[in-house]
Asker: 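Here it is, the structure, as structure tokens.
Whatever order the structure lists ligands and atoms in, that order sets their numbers, starting from 1. Heads up: numbering here begins at 1 and tracks the sequence.
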Amino acid sequence: MLSDDLTKKLNAQINSESYSVVLYLQMSAWCSSKGYDGCASFFRLQANEEKQHMEKLFDYMLETGALPQLGQIEAPPTSWDSVRDLFQATFEHEVKISRDISSLVEIAIHEKDFSTHNFLQWYVSEQHEEEFKLKSILDRIDMITAEGHGVYTIDREVSRLSQQAESSVAKERY
Ligand code: OFO
């Protein structure tokens, strides 16, 4: 059974994951409006993944007998100065989510709630992968722009990474 504190914090995490869904969908829309189709697919896929993160928490709470409570979600920004700026904002958002997950883990340890601690390990690995993926994209953007190839090459590169991610998600499903 979840403590009141963990119930409150897991609910807050459900809301953070829901915010990630709308943030990434909005980012996808911005990319589409600029004609950056590869980046648009990347963010659409990210939004779908975030929905799964949200549902995983939702289901876990139900399994423990707690009531998931869906709160109000803040509206995300609607435009960014550049593709680099967009990915920097994404990276920073994921770093914040990693910190949130770490503080949930800390509470679970403090309360000796080993079931929740075990459940949260999936998010710990996921956040590690997210940060690594976004840092690699930022590094590639910096490399490409430094060499003057521009945003078209960035878009192609992100599209390729997005397709790789999609096929590994599909493999996990089957
Ligand atoms: Fe990408 O954040 Fe969910 O967990």
Asker: Answer yes when Asp100 and Lys9 have at least one side-chain N-carboxylate O distance shorter than 4.0 Å, and no when they do not.
Answerer: no
Asker: Looking only at distance, does His53 have an N or O less than 3.5 Å from an N or O of ligand 1?
Answerer: yes
Asker: Return the residue, atom name and 0.1 Å-rounded distance of the protein heavy atom closest to atom 1 (Fe) of ligand 1.
Answerer: Glu50 OE2, 2.2 Å
Asker: With rounding to the nearest 0.5 Å, note down the distance linking CG in Leu120 to CD in Gln127.
Answerer: 11.5 Å
Asker: Atoms of ligand 1 less than 4.0 Å from Tyr123 heavy atoms?
Answerer: 4 (O)
Asker: Please state whether Glu49 comes within less than 4.0 angstrom of ligand 1, counting heavy atoms only.
Answerer: no
Asker: Looking at Tyr60, Tyr24, Trp122, Tyr19, which one forms a ring-ring contact (aromatic ring centres under 6.0 Å, His included) with His53?
Answerer: Trp122
Asker: Evaluate the ring planes of Phe132 and His128, with Trp represented by its six-membered ring, and classify them as parallel (under 30°), tilted (30 to 60°) or perpendicular (over 60°).
Answerer: parallel
Asker: Atom CE of Met143 and atom CG of Leu138: how far apart are they, to the nearest 0.5 Å?
Answerer: 11.0 Å
Asker: Which atom name does Glu17 have for its N/O/S atom nearest to atom 3 (Fe) of ligand 1?
Answerer: OE1
Asker: Would you mind listing which atoms of ligand 1 come within a distance below 4.0 Å of any non-hydrogen atom of Ile97?
Answerer: 2 (O), 4 (O)
Asker: What class does the angle between the rings of Tyr36 and Trp30 fall in, given that below 30° is parallel, 30 to 60° is tilted and above 60° is perpendicular?
Answerer: perpendicular
Asker: Of the side chain and backbone of Glu94, name the one, both, or neither that has a heavy atom under 4.0 Å from an atom of ligand 1.
Answerer: side chain
Asker: Have a look at ligand 1 and work out which part of Glu126, if any, has a heavy atom under 4.0 Å from it: side chain, backbone, both or neither.
Answerer: neither
